[in-house]
Structures are given as structure tokens and as C-alpha cells.
Amino acid sequence: MSVTLINSSFRLRPVRRVRAIQHHLMSNHTGSEAEVLLERVGNAGVITLNRPKALNALNLSMIRQIYPQLKKWEKDPETGIVIIKGVGGKAFCAGGDIRAVTEAGRSGGTLAQDFFREEYILNNAIGTFQKPYVAIIDGITMGGGVGLSVHGQFRVATERTVFAMPETAIGLFPDVGGGYFLPRLQGKLGLFLALTGFRLKGRHVQRAGIASHFVESQKITSLENDLVVLKAPSNEDVAEVLNSYQKQSNLDEEKPFILSEHMDKINSLFEASSVEEIKLKLKKDGSSFAQKQFETLSKMSPTSLKITFRQLQAGASMSLQDVLVMEYRLSQACMRGQDFYEGVRAVLIDKDQSPKWWPAALEEVTDEFVDSCFKSLGGNDLSL
């Protein structure tokens with residue numbers, strides 16, 4: 001994709017320049033056929049995910065456009081900051097293009113290897129990016145959308161943000177570096193979110209520690225205007241702008257964290273040496289909250305639950321790079337298995353919500369099998 005450079009705006013008088021930037025940021029681009037727009041706006045590199053009908057789901061073509069441009073902007077002295085956002089108002093990015101991966105996995109196509117490999121390389125590039133990186137996570141932010149945002153320095157949630165890592169419901173695991181950021185959340189919150197796929201909305205996404213800031217959606221265009229004119233900003237400069245907008249955003253300010261009343265139970269019930277132990281503790285607890293989580297876990301892929309539990313255990317003491325290497329191995333194990341295809345069928349294709357997992361019970365997923373999912377792929381391992 002060609003990259004539109006708006007350097008000409010620098011030669012305009014200040015008022016005209018600001019107007020030009022405002023006009024550009026306010027245009028929603030939905031008429032464009034490009035799946036992702038990569039542009040210079042003021043002093044910023046702006047990535048716009050442009051698949052509103054698909055809730056801006058991330059596909060391999062988009063990854064292959066974003067990654068090289070991100071690396072160019074990292075070295076470009078004229079680019080001081082990178083902003084990533086989605087169009088349409090419903091989603092930042094609802095996840096990866098799972099249907100295409102499923103079809104490739106069934107047919108033996110290379111997309112099942114290429115997509116995960118290149119997605120994780122992009123996740124690492126975001127996690128190691130040397131300039132301020134601001135993700136405007138306005139709307140649904142799940143799976144692949146989390147990978148595009150959570151590893152950057154700044155993640156701005158709005159009242160429309162819906163965060164979840166729902167992969168255990170489709171026979172997968174919370175990837176894109178989930179093994180790195182989830183165990184670093186407060187207490188056992190990350191493990192709870194990973195196993196149950198619980199959804200967090202609006203300000204609660206920040207209170208959980210996933211978003212760095214909360215800004216009301218009506219202020220986002222103005223926020224972008226102030227960010228793109230920053231010249232060679234430090235992280236502190238960007239934080240100052242974001243903090244000022246957060247202070248002006250009072251929506252739901254008085255509401256406590258949605259899980260605050262349950263955190264003691266989450267920390268005690270999800271403190272366990274196995275998923276079986278967690279389910280036993282939930283069943284014995286008897287509270288309505290515990291019962292609801294027991295029922296939720298009973299619907300998930302037993303294989304996914306066990307892989308996810310081990311993934312977060314290991315990832316808690318790993319670097320992001322080591323986690324992504326581990327997760328690539330897990331992704332390919334899921335591609336070789338059965339539950340991923342069955343989960344996608346039940347949830348996304350037939351939508352009968354009645355997957356037939358195999359094995360069907362946690363006790364039937366052996367430690368030896370779980371071990372095999374984590375084994376090196378040799379020359380096919382992810383290289384960062």
C-alpha cells in the first residue's frame with residue numbers, strides 16, 4: 001500500500017495546518033476500499049483499521065502492511081508518535097480473521113502458520129517500539145485487537161470499549177502475548193479473564209490495568225488533534241496530554257470496578273495447581289458468582305483450559321519474546337488438534353453454541369498431551 005504523506009501541511013500557516021489536520025482526522029475513511037490506512041498526519045504516523053463490516057478484524061494482508069510501515073516510522077526522524085485506531089464506531093479490532101485461518105488449517109494451507117507467525121512478530125514490534133505508541137481502543141477489542149494495543153505504552157479506552165479474551169470458547173487460548181500481560185494483572189484477575197472469557201467494558205478496562213487511560217469517545221477527535229501536533233514527544237509528553245483528557249472525562253467515574261466485590265473470591269478460588277482444582281473450589285464455594293464461573297468453565301474446551309492455565313503459569317516469569325515463541329508453538333498445536341475447528345464451527349459458523357469437545361472432560365486431557373503442545377518446533381519455531 002502506498003503511504004500518504006501529509007508533509008505539505010507543515011508549510012501551511014498554523015491555523016490552516018490545524019484545520020487540515022482536523023479535517024483529516026474527522027473523516028472516517030469508510031468509503032475507502034483499503035483494509036488498513038497508513039498515513040502521516042502532522043508529526044504522527046496513523047494506522048487506521050478499515051474493515052468496519054468485519055469489525056476491523058485483522059487479516060494477514062493487514063499485518064503485512066502495518067509491520068513494515070511501523071518499522072519505517074520507528075526510524076523516521078519526522079515521525080514522533082504512532083496512533084492506531086479503527087473505523088465504524090463499533091470496534092477497534094474484534095480479533096483475527098479466524099475463519100480464514102480455520103479454512104487454511106483444514107486444507108493444509110500455509111496461512112495457519114503464516115498468520116500466527118507474522119501476527120506475533122507484529123505484536124513484538126509494538127512491544128519494543130521505540131517511540132510513543134497510542135492505541136485508541138474505542139469499541140470491541142478482542143483477540144488480535146488486544147495484540148495490536150496492549151503491548152504499546154498507551155491504551156486509551158472509551159465508554160464503548162469491550163475487552164475480552166474469549167479464546168477458550170473456540171478451542172484456542174489467549175494468544176498475542178496474553179501469556180505475558182494477563183499474569184501481570186492484579187492478583188488472579190488475568191487467569192480469571194483468560195479461562196472464563198469475561199468481558200470488561202468502558203472504564204473497567206482501565207481499572208483492570210489493561211487500558212492506561214479512559215477518555216470519553218466524544219473527546220477522541222480532539223485528543224488526536226493534540227497528539228499529532230506533538231513534535232518528537234517523550235512518553236511523559238504524551239502521558240501529560242492523555243492525563244489532561246482523562247481528567248475531563250467524568251463518565252462512570254463514581255462506579256467501582258465491576259469485579260471489585262468479587263476480587264477476594266477470584267484470588268482465592270483461582271489460586272490452584274490445576275484447572276480441575278479451580279472447578280472443584282468453585283463448586284464447593286456455593287456462591288452465585290462461583291456457580292456462574294463453574295458453569296462458564298464447563299462450557300469451554302477442556303484442552304484449551306489446560307493449555308491456557310499452563311501458558312499463564314509459565315508466562316508470568318517470561319519475557320514478551322519468550323512468551324510469543326511459546327504461544328506460536330501452542331498455536332500450531334491447536335491447528336493440529338480438533339477443538340479449534342469444532343469451536344469455530346459452533347460459535348462462528350453454525351452458531352449453535354454446542355461444541356463437541358474432544359477430549360470432553362478435563363480429566364481426559366493428560367499432562368503428557370499438554371507437554372507436547374509446548375514442545376519446540378525446531379527449525380519451524382518463531383524467530384524474533
Side-chain angles (χ1 to χ4, degrees), residues 3-30 36-50 56 66 69-70 73-74 76-89 92-93 126 129-139 141 148-161 202-203 205-206 210-253:
V3 179
T4 305
L5 297 176
I6 313 189
N7 292 335
S8 59
S9 63
F10 288 110
R11 295 191 291 272
L12 300 174
R13 281 181 290 182
V15 173
R16 290 177 63 202
R17 178 183 164 211
V18 170
R19 283 178 181 165
I21 290 171
Q22 286 177 335
H23 174 76
H24 188 83
L25 289 171
M26 290 176 72
S27 62
N28 63 18
H29 301 295
T30 50
V36 59
L37 300 160
L38 304 164
E39 304 161 293
R40 268 288 302 282
V41 184
N43 299 316
V46 179
I47 302 166
T48 306
L49 308 177
N50 191 37
N56 298 323
I66 294 170
Q69 188 58 51
L70 194 62
W73 280 332
E74 190 169 30
D76 176 20
E78 298 296 317
T79 304
I81 183 174
V82 166
I83 300 168
I84 185 168
K85 60 182 179 175
V87 301
F92 164 66
C93 174
I126 292 166
F129 197 64
Q130 296 300 301
K131 294 177 180 178
Y133 181 96
V134 181
I136 310 292
I137 53 173
D138 182 26
T141 303
L148 290 176
S149 56
V150 77
H151 304 300
Q153 298 99 320
F154 304 104
R155 293 88 56 200
V156 182
T158 75
E159 74 278 5
R160 301 189 296 202
T161 302
R203 197 180 281 273
V205 180
Q206 185 206 11
I210 294 153
S212 63
H213 292 80
F214 175 84
V215 177
E216 292 165 10
S217 59
Q218 63 181 6
K219 302 181 192 299
I220 291 298
T221 298
S222 178
L223 169 63
E224 290 179 34
N225 290 340
D226 286 347
L227 289 175
V228 301
V229 297
L230 294 174
K231 192 165 180 65
S234 64
N235 284 335
E236 290 74 20
D237 296 332
V238 176
E240 188 175 342
V241 173
L242 294 175
N243 290 340
S244 71
Y245 274 86
Q246 181 169 273
K247 286 176 184 174
Q248 300 166 36
S249 300
N250 302 316
L251 190 66
D252 296 333
E253 194 174 28

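Every salt bridge (Lys or Arg N to Asp or Glu O under 4.0 Å) that Asp76 has, sequence neighbours left out, goes to Arg40. In terms of the side-chain hydrogen bond (donor to acceptor under 3.5 Å, both in side chains) criterion, Thr161 has no residue partners (sequence neighbours excluded). Applying the side-chain hydrogen bond (donor to acceptor under 3.5 Å, both in side chains) rule to Ser244 yields no partners; only residues at least two apart in sequence or on another chain are considered. Contacts of Glu236 classified as side-chain hydrogen bond (donor to acceptor under 3.5 Å, both in side chains), with partners at least two apart in sequence or in another chain: Ser234. Residues passing the side-chain contact (heavy atoms from CB on, under 4.5 Å) test with Glu74, sequence neighbours excluded: Lys71, Phe129, Gln130. Evaluation of the side-chain hydrogen bond (donor to acceptor under 3.5 Å, both in side chains) rule for Glu159 yields Ser217 as partners, not counting sequence neighbours. In terms of the side-chain contact (heavy atoms from CB on, under 4.5 Å) criterion, residue partners of Gln206 (sequence neighbours excluded) are, by chain and number, Arg203, Ala211, Phe214, Gln246.
Heavy atoms only, all atoms of each residue included: Pro132 and Pro233 are closest at CG-O, 3.5 Å.
Counting only heavy atoms from C-beta outward, the side chains of Asn243 and His213 approach each other to under 4.5 Å. Taking 4.5 Å as the limit, every side-chain heavy atom of Leu230 sits out of range of all side-chain heavy atoms of Asn43. Side-chain atoms of Val156 and Tyr245, non-hydrogen and from C-beta on, never get closer than 4.5 Å to each other. When side chains are defined from C-beta on, Trp73 counts as touching Ile47, because their heavy atoms get closer than 4.5 Å.
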>> Walk me through whether Ile66 and Leu49 qualify under side chain to side chain contact (heavy atoms under 4.5 Å, CB included).
In response: CA-CA 10 Å; Ile66 294 170; Leu49 308 177; 4.0 Å; yes
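With hydrogens and angles ignored, the 3.5 Å screen pairs no side-chain donor or acceptor of Asn50 with any backbone N or O of Val36.
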